[in-house]
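In what follows, chains carry the letters A, B, and so on, assigned in the order in which the sequence lines appear, proteins first and then strands, with residues in each chain numbered from 1.
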Protein chains: 2
Amino acid sequence: MAESLALTTEKKCEGNLNQSGLDVDECPVVTAIDVIGGKWKVIILYNLRDNTLRFGELKKLIPHISQKTLTTQLRSLEADKLVARKVYAEVPPRVEYTATPLAEQLGPVLDALCQWGQAYRQAHQS
Amino acid sequence: MAESLALTTEKKCEGNLNQSGLDVDECPVVTAIDVIGGKWKVIILYNLRDNTLRFGELKKLIPHISQKTLTTQLRSLEADKLVARKVYAEVPPRVEYTATPLAEQLGPVLDALCQWGQAYRQAHQS
DNA sequence: CGGAATCCGTTAAGATACTG
DNA sequence: CAGTATCTTAACGGATTCCG
């Protein structure tokens, strides 16, 4: 079972592969959560969608995050090659963050999340 | 502003509403992350997809989670009405967890996450 | 001045042992 | 079996300091 788990077939995740005895670590969902499972990462990437933003702009768009955490999460995203960080040697300093093509492929995830968020609100009759 | 933000239009999330001056808290993505943003919640729900599982079965399927965390996350999911918890008054005890219809609506999110996880692996040439 | 590093307190999560 | 109790470790928030 599970031939080369990478690119040949994409059926792996559709069904109940976990019940087939496979370790969950083999599942791409676990990989995805590992990378974007941080509390703020999806929101950061959502704000970075189609946008290049400075650190301060991101901070303004995500008011509830602390500077420190924003820095940490951005560094982590950078390490995973989901955001590109460009530093301008200027005064005042300027650092711009851009989503990489890999991050842009998250589009469907963001859309699905968005739709579900609405369904959730509806179900909880807000 | 934002007529009933629930079911009328679903365009809200497609574009750049954050740049429109809206607080991010208005965005359903933030709602979704609030609910399923826990480190393990998506993975739990993924394993619960189309399946009713006992506590121990879930634990086996998600080896890296601790009992305590699994309990906590399940309780949180239960409070948000994403899983139903059924206790059988037997010896030995038996507790079954089932995804609610609301959780089942996460299907597209899980699918998108799964696909992206594969793309991510591929990009990092694993 | 903007961005980030540091110190510290609080909360979430991990490991292990133990109980109904 | 399905948790709870306890302790330890890692993640996040706040404030201050630093540096270009």
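- Regarding contacts with the backbone of D:dG13, a side-chain N or O of A:Ser66 is found under 4.0 angstrom from either OP1 or OP2.
- Going from atom CG of B:Leu70 over to atom P of C:dA12 covers 17 Å, rounded to whole Å.
- Side-chain atoms of B:Val95 lie closest to D:dA2 of the nucleotides D:dA2, C:dA13, D:dC12.
- Among the protein residues, B:Lys59 comes within range of no part of the nucleic acid, since none of its heavy atoms lies under 4.0 Å from any strand.
- A salt bridge links B:Asp111 to B:Arg49: one of the charged nitrogens lies within less than 4.0 Å of a carboxylate oxygen.
- Between the side chains of B:Thr72 and B:Thr69, no donor-acceptor pair of N or O atoms lies under 3.5 Å.
- Under 3.5 Å, the side chain of A:Lys68 and the base of C:dA4 form no donor-acceptor pair of N or O atoms.
- Note: CD (B:Glu96) to P (D:dC1) measures 14 Å, nearest angstrom.
- One atom, CG of A:Leu74, and another, P of C:dA5, lie 11 Å apart when rounded to the nearest Å.
- Applying the 4.0 Å criterion to OP1 and OP2 of D:dC1, one finds that B:Arg54 has every side-chain N and O outside that range.
- Atom pair A:Ile65:CD1 and C:dG3:P shows a separation of 14 Å (rounding to whole Å applied).
- Atom CD in A:Gln67 sits about 11 Å away from atom P in D:dG13, given to the nearest Å.
- Residue-level contact check: A:Val91 touches neither bases nor backbone, having no heavy atom under 4.0 Å from any strand.
- Contact between the side-chain N/O atoms of A:Trp40 and the OP1/OP2 oxygens of D:dA11 is not found at any separation under 4.0 Å.
- At a threshold of 4.0 angstrom between heavy atoms, the contacts of B:Glu57 with the nucleic acid are absent.
- Judged by distance alone, with hydrogens and angles left aside, the side-chain atoms of B:His124 form no donor-acceptor pair with the main-chain N or O of A:Lys81 at under 3.5 Å.
- Between the P atom of C:dG3 and the NZ atom of A:Lys86 lies a distance of 15 Å, rounded to the nearest Å.
- Going from atom NZ of B:Lys41 over to atom CG of B:Leu77 covers 5.5 Å, rounded to the nearest 0.5 Å.
- Among the nucleotides C:dA5, D:dA2, C:dG3, the one closest to any side-chain atom of A:Arg75 is C:dA5.
- Between B:His64 atom NE2 and D:dA10 atom P there is a gap of 17 Å when expressed in whole angstrom units.
- The A:Arg85 side chain lies nearest to C:dG3 when the options are C:dA15, D:dG3, C:dG3.
- With respect to the salt-bridge test (charged N to carboxylate O, under 4.0 angstrom), the residues B:Lys60 and B:Glu57 do not qualify.
- Dashed line: the shortest gap from a side-chain N or O of B:Gln73 to OP1 or OP2 of C:dA13 is under 4.0 Å.
- Distance OH (A:Tyr88) to P (C:dC1): 22 Å, rounded to an integer number of Å.
- Residue A:Tyr97 is in sugar-phosphate contact alone, with no base atom involved, counting any heavy-atom pair closer than 4.0 Å across all strands shown.
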